[in-house]
Structures are given as structure tokens and as C-alpha cells.
Chemist: 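After the C-alpha cells below, expect a handful of questions from me.
All values below were derived from every heavy atom in this structure, side-chain atoms included, with hydrogens, water molecules and symmetry-related copies excluded.
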Amino acid sequence: AETDRLGKRHEAFLAWWTERARTSGEIDLPRGLCAEQKWMDLVPGLFPGVEILRDPGYNLAYWNLPYRKVTREEGGAFRVNGEPLVFAHFSGLDPENPTAFSIHQDRYRLDETGEVETLARGYAALVLASGYAECRSLPYAFARSPDGVRIPDFARHAYRNDPVLREACRSDPFRLVPPRMNEPARPGHPAVTRLFHHIWTVRPDLQAAFPNPFGPDETGFADWCLAQKDYDLDPFFLGPVMQAAEARPPARRPAQTPAGTSSTGTSAKTAVFTILSKNYLAFGRTLLASLRTREPAWTPFLCLCDETEGCFEPAGEFFSTIPVADLGIPDFEEMAFRYTLMELNTAVKPFVFERLFEQGFDRVVFLDPDIQVYRPLREVQEKLDAGALMVLTPHLTGELNDGRYPDETHILRCGAYNLGFLALGRTPALPAFLAWWKERLREGCTVDLEKGRFVDQKWMDLVPGFYDDVYIL
């Protein structure tokens, strides 16, 4: 009788849990769901006979390490709070580079975990020996449609959250859902597909940047869809958006839209640029795409400190490309030989500033390609509009003496200001500053800490003493 009673209890629990995991086993934290795991919170109240095991030797992991001390006995056995270690959970550990311990936390580095490091490195070695390098690249059986289209997670989200779509495609979702994702979310708006509209609905930042994607913001949102690098989408899902963009009247194309009014309400023209070689092109596209949504009135440029060599087509980009050879730098070939890739990319910076001011811009802003912009740079424009020659950002705005790297001494060697950002305004002092900076960087844009040089950046330490109207943000 007791066996029958326990068996029925198990059957009831499994029936309850399998139904929830089948229909609501997704990761959707705003709805309080985290795969099959979150449902377990209800189990101790719903079913009798549930026991919670508090033995510290079970499920040792990064989340409980603050109150579990791991020791090792002379014979090699491990204990946790004095109890034998039963199993450890290495969630988020990269076997090829275990230094970070887990990608899901930042409380510990592996070398700060004591004997846990021994456990983790031993585990990593076992995983590598078990064929990790070969297995990690094996394809997932449910990743593609029968036609080979990669199915993005957003398509799965849209399917499970849309009862109408789910009913229509239930018989064969792998074949039927991908083309449905390419349909217009609303009739008459082919650029806003179901897939990208679903992405918009779950991204507050996109909703803020493009409040009306079926109205005046449709063009801007479509351009974001084509330029975004947040998701590795199959080209299949970009096709309808690209076709809609190609069908636009020329006057509506962003590249042909004049600079217009800035975010501060003035009519001053602002250019923004980055400098890179081809290997950083993806970073530059990402930066300039983020600026297009935050500062749409700014005119974007990319200085290519390289040659295209057929690797990409500048005319097809949403920004204007300035080949470094077009800057007219004297003896450029010799300069290119003398400098390393990083040194050359920084040495041409004042020449690009000069070129853009010559084109009639009143304000010119530089940003390193590996930057993402999250809101308008209003403070920068306000300072330049008020007459500042330049706006700088310091490396440090507080003490840095915790014994880690980099420290204050390292920053002193490299420069007080980070030249990954620099904004210049058209003031009477501008020509003299650019002439001075260009001359210094022709020969002195090296990484040579013994001589007190660190590319273009270290020279900027002198500028606040040389010129008035230098603003440190």
C-alpha cells in the first residue's frame, strides 16, 4: 500500500511538472520564468515528502562559494565546510580559458578561489581530453529550417507568445515559421517585419529611439535593422528589409539627408568620425550605427587607415569613407612603414580633424571604433557651442590604489586623458593647435614609455596649459 501511495505521488508530480515544462519552460525573467527550474519553487507546498538537502558537499558552485570553504586532505580528497565534496557545478566555465571561473559572475577570478582552482583546472583538463575542441563546433539539430535557414531565438519567442501564429504553424514550425517572420508586422509596412517588430517590442532602447516604427520612425528603424550587429541573424531575415530600403525614394535615404539641427537645438554642423584598419571594420560599423540613433543630425565618417583590397564596398555603407591616402599627408609611405598599425591609426587623427573642418563643419568629434554610444552627447555639444576649443575625458576621476593593474603609475605613463574620445570646435585657436599636434605626431606618435611617449595620447597632457577654453568633462 505504501509503495502504491508513493508511486501515485510520483506520477502526480511528474505529470504536473512535464506539463509546465512542455508549455512554459522558457527563460523569460520579466514573466518570472527560468526554464524548468523556477517551477520547483512551488513543489514543497504542492507535494508531500519533499526534502531539501543542505549538505554543503552537494552542488558546490560560484553562487554558494561565499559561504562554503573548500579544503584538501593529505590524501587528495576535498571537503566543503568539513564535509566530503560530493559534486561541484562548474556553470559558465570555459575549459580553454578558465581564468574568469564563470561567465555568469564577476565576484571571483579563478586564482582567488583557493582549492576550488585545483578542482576547476582538473575539471577543465578532463573536458578538453573528452573532445571539447571537436564537440563545441558540432551543429545543433534544431538550429535550422529544412531549407538551412538559421532560426533566431526571437523567432522562437514570437512563436510561443503569439497564439495565432502558433496555431497556424503548429503542424510544421521549422518550415512554416521562418517565412512568416518575414511578413510585414502591419500591412503596408514591408520594412518592419514580424521578426524585427518583435525585437522592437522587447527592447526599451529601440522603443525610445524609434517610438513610431510604422510612422515617421520607420526609415530609421529599418536602417537600424540592416546595420545592427547585436544578433547574428541569417541573411534570409534581412532580405525584406533590404528590398524595402532599396525601394525608397532617393530623398528618403539617410546618406542624402542633410545634417540638420543638432540635439542642442543649434544649426551648427557636426561631423563624427572614427579611424580603423579593415580588421576593425565591424567595430566601426557598430559605433557609427549607435551614433546614428543617438545623434542622427551628425554626419558620420570613417577614415580607413588601410586599403579596401576588395574586402568591402565603401559606397554601400551608411557612412562616408575617407581613405587615408586622400588626406595628403607628406611622405605618407615612409610614415606608414615607420609606425605600427596602432601608431599609424592614431598618428593620422589630426589630419582627419583638419580635413573635416576644411569641409565646413563647425564641430568635429572623434570616437574609437570599439565604443558604443547609449545616449546623445549633449554636454559635449553644449561646451563646444559655448566656445570651447576642445572637450577631453580624463582616465581617472578618483584614486586608483588597490594594487591592481592598471594603477595610477600606469595611467601617468600613458597619459592623463583618454584619446578614444576628442571633440574640437571651430575657434581662433584651432589652426595653431592642429598644426602643433600634426607636427608632434609625424615623428612622435610611438609607444615608447622610456621616452615618455604613448602614441597621440601623451601629448595631450600639455594642451590644457597651452590653450584656453579646454574643457575636461
Side-chain angles (χ1 to χ4, degrees), residues 2-18 20-21 24-29 31-136 399-407:
E2 178 65 15
T3 300
D4 291 343
R5 186 174 64 83
L6 291 174
K8 291 179 180 179
R9 186 189 301 169
H10 295 158
E11 290 174 2
F13 162 69
L14 289 175
W16 175 86
W17 196 29
T18 53
R20 273 116 190 112
S24 300
E26 64 263 30
I27 296 176
D28 190 344
L29 299 185
R31 293 176 56 210
L33 299 176
C34 185
E36 91 291 0
Q37 178 172 286
K38 187 62 178 173
W39 290 107
M40 273 306 141
D41 289 3
L42 302 176
V43 170
L46 291 175
F47 299 94
V50 175
E51 182 174 343
I52 298 173
L53 187 64
R54 293 183 172 85
D55 188 319
Y58 281 79
N59 213 8
L60 175 72
Y62 69 81
W63 55 81
N64 54 38
L65 201 55
Y67 45 88
R68 296 193 183 185
K69 180 175 177 57
V70 179
T71 55
R72 191 176 188 183
E73 297 178 337
E74 290 185 4
F78 291 91
R79 288 186 172 271
V80 185
N81 293 355
E83 299 295 329
L85 172 64
V86 180
F87 69 85
H89 192 164
F90 296 102
S91 178
L93 180 76
D94 180 354
E96 293 182 329
N97 184 21
T99 305
F101 187 30
S102 170
I103 62 172
H104 305 309
Q105 60 89 45
D106 63 2
R107 179 170 287 111
Y108 304 104
R109 289 176 58 81
L110 189 58
D111 58 8
E112 300 170 337
T113 61
E115 289 292 354
V116 174
E117 180 177 10
T118 306
L119 286 170
R121 292 195 181 279
Y123 171 76
L126 291 172
V127 174
L128 292 173
S130 296
Y132 174 80
E134 297 80 14
C135 295
R136 67 180 303 181
E399 297 180 5
L400 194 62
N401 55 5
D402 59 358
R404 299 294 183 94
Y405 176 88
D407 58 14

Chemist: Identify the heavy atoms of Q105 and A100 that sit nearest to each other, and give their distance.
Modeler: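 For Q105 versus A100, the nearest heavy atoms are NE2-O, 3.2 Å.
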Chemist: L119 versus L85: any side-chain heavy-atom pair under 4.5 Å?
Modeler: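 Yes, at least one pair of side-chain atoms sits under 4.5 Å.
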Chemist: What closest approach, in Å, do L128 and P95 show between heavy atoms, and which atom pair accounts for it?
Modeler: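 Minimum heavy-atom separation between L128 and P95: CD1-O, 3.8 Å.
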Chemist: If you compare all heavy atoms of L93 against all heavy atoms of A120, which two are closest, and at what distance to 0.1 Å?
Modeler: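 Closest heavy-atom pair between L93 and A120: CD2-O, 4.0 Å.
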Chemist: Quick one: closest heavy-atom pair of P98 and E96, and the distance?
Modeler: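 Closest heavy-atom pair between P98 and E96: CD-C, 3.8 Å.
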Chemist: Of all heavy-atom pairs between G82 and R79, which one has the smallest distance, and what is that distance?
Modeler: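 Closest pair (atom of G82, atom of R79, distance): O-NH1, 2.6 Å.
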Chemist: Could you report the tightest heavy-atom contact between S102 and S91, atom names first, then the distance?
Modeler: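 Distance-wise, the nearest heavy atoms are OG-O, 2.8 Å.
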Chemist: Evaluate side-chain contact (heavy atoms from CB on, under 4.5 Å) for V116 paired with Y108, printing each intermediate quantity in order.
Modeler: CA-CA 11 Å; V116 174; Y108 304 104; over 6 Å; no
Chemist: What side-chain donor-acceptor pairs closer than 3.5 Å can you find for residues 53-62, not counting sequence neighbours?
Modeler:
from : atom 1 : to  : atom 2 : distance (Å)
D55  : OD1    : G57 : N      : 2.8
N59  : OD1    : H89 : ND1    : 3.2

Chemist: So, taking the atom named CZ in R68 and the one named CD in E83, what distance separates them when rounded to the nearest 0.5 Å?
Modeler: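 Here the rounded value is 11.0 Å.
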Chemist: Is any side-chain heavy atom of L42 less than 4.5 Å from a side-chain heavy atom of W17?
Modeler: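 Result no, sub-4.5 Å side-chain heavy-atom pair not found.
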Chemist: Report, as yes or no, whether the 6.0 Å neighbourhood of atom CG on D106 holds more than 12 heavy atoms from other residues, nucleotides or ligands.
Modeler: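 No, CG of D106 has 12 or fewer neighbouring heavy atoms, counting only those of other groups under 6.0 Å.
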Chemist: Is there a side-chain contact between T71 and E115 (heavy atoms, below 4.5 Å)?
Modeler: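 Side chain of T71 against side chain of E115, heavy atoms only: no contact under 4.5 Å found.
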Chemist: Mind checking whether F13 and V50 have side chains closer than 4.5 Å, heavy atoms only?
Modeler: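 Sidechains of V50 and F13: no contact.
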Chemist: Please name all residues satisfying side chain to side chain donor-acceptor pair (under 3.5 Å) with R107, sequence neighbours left out, ordered by chain then number.
Modeler: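 Result, side chain to side chain donor-acceptor pair (under 3.5 Å) vs R107: none returned.
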